[in-house]
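Input: a single structure, listed below in structure tokens.
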Amino acid sequence: MARLIVRGGRVIDPAAGFDAPADVWIEDGKIVGVGADLDAAGAGEFDARGCIVAPGFIDMHVHLREPGFEHAETIETGARAAAAGGFTSICPMPNTAPVNDNATVTRYIVEQAERMARVNVFPIGAITKGSQGEELASIGSMRNAGAVAISDDGRPVMNARLMRRAMETAASLGLPVIDHCEDLHLSAGGDMHEGIESVRLGLRGIPSASEDVMVARDILLAELTGARFHVAHISARRSVEMVKFAKSRGLAVTCEATPHHFALTDAGMIPYDSNFKMKPPLRTAGDTEALVEGLASGTVDAIATDHAPHAGSEKMQEFEQCPFGILGLETAVGLALETLVHSGRIGLARMVELFTSGPARVLGLDRGTLRPGSAADVTIFDTERRWTYDVNRSFSKSRNSPFHGHRFRGGPVASIVNGQIAWALD
Ligand SMILES: [Zn+2]
């Protein structure tokens with residue numbers, strides 16, 4: 001296998017406490033060393049001058065739509081979009097058809113990813129059979145087939161007794177439980193955040209309480225069972241406060257925030273544009289403020305995209321009819337730089353942490369650092385590069401993004417996966 005030196009960048013590896021100009025030496029898919037003026041005879045070189053060189057970014061929440069919805073995305077196209085977005089590892093949620101609720105589907109995803117994906121794919125298995133919320137899925141066998149967590153994402157587990165059993169099972173297997181926290185009775189019929197804006201637009205609302213009550217319930221169940229509990233796409237101020245409280249009590253509770261939830265608000269959405277429809281919905285400026293505070297302080301552990309491709313025909317319907325979810329992989333780094341770093345709210349090292357060792361820790365993945373011996377996953381990005389996002393040139397099969405035409409300052413330059421360049425800016 002080839003040797004590669006990533007030359008002349010500013011290397012930021014929060015897990016190792018490293019932030020300095022350095023070269024990264026890669027051999028046989030592993031990091032050999034990080035240091036000044038490395039000289040490895042016969043090695044290829046990647047010129048990273050002027051760039052940040054970081055451990056490979058991990059997106060712990062994506063939807064790849066395969067098997068079952070390949071018209072919207074496949075493992076191959078989703079992985080291409082990931083690489084172009086600076087991600088070297090992605091974790092697909094189980095809401096495929098069939099649902100990833102048993103080892104056969106898990107193995108299919110793992111094998112298809114080995115054949116087709118340019119990035120690492122770590123699947124997330126379902127909590128319940130068919131994600132129907134009635135009977136536990138085959139959690140142990142999915143873990144043995146490669147699942148790194150369980151979740152019924154897209155849906156919550158409404159039955160608290162079943163969630164308790166899921167947490168007990170997951171705890172005994174060492175897996176985290178990721179919940180899409182939404183009380184379906186409270187959110188029923190809603191299309192956007194319930195508040196002044198939903199009244200103004202005449203759309204049915206989804207109250208923050210629909211998220212908050214489930215976060216509260218799950219924190220209590222995590223305390224009862226000792227399970228590792230992770231809140232997917234946290235969006236509401238009270239939920240962030242409760243995660244902070246749970247952490248202060250020493251519970252193994254973590255959460256992730258998406259770029260659209262910290263960058264956009266309900267007041268800023270283009271009315272009735274389906275590219276602004278997602279679950280949880282865009283909330284208020286007070287909520288985004290709480291997310292940014294949480295990202296800065298450590299209450300929020302990871303930035304995850306919830307990349308949710310939908311074919312054009314599905315998203316072209318009226319606002320009330322169209323499905324929830326937007327693309328996220330190719331705009332995440334640009335949005336994080338713009339909203340968090342260039343605004344002065346968090347430092348670059350903290351941003352890198354939220355994309356690397358943060359999610360790695362939540363999932364117990366042996367990734368997210370450039371320490372010698374680690375898998376050679378490297379993300380190279382430029383904090384100043386000016387570029388415009390053209391969704392029609394996306395590597396994704398779908399086009400549902402509210403950021404089409406957005407002008408970014410800073411973005412990914414290259415993604416190296418297991419020592420191979422998976423994508424580089426041309
Ligand atoms: Zn979800």
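For ligands, and for the atoms within them, numbers begin at 1 and follow the listed sequence. Position 1 is the first residue of the sequence, and the numbers go up from there.
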Decide whether [X] and [Y] meet the rule of one side-chain donor and one side-chain acceptor closer than 3.5 Å.
X: T225; Y: E168; value: no
X: S235; Y: R283; value: yes
X: D153; Y: H63; value: yes
X: N144; Y: S141; value: no

task: Only one of F122, F355, F395 passes ring-ring contact (aromatic ring centres under 6.0 Å, His included) with F87; say which it is.
output: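 Of the listed residues F122, F355, F395, the ring-ring contact (aromatic ring centres under 6.0 Å, His included) partner of F87 is F355.
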query: For the side chain of D28 and the backbone of K30, is there at least one donor-acceptor N/O pair under 3.5 Å apart?
result: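 It does not hold such a pair.
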task: Can you list, by chain and residue number, the protein N, O or S atoms under 2.8 Å from the Zn ion (ligand 1)?
output: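 The answer, once waters are left aside, is D153 OD1, H180 ND1, H233 NE2.
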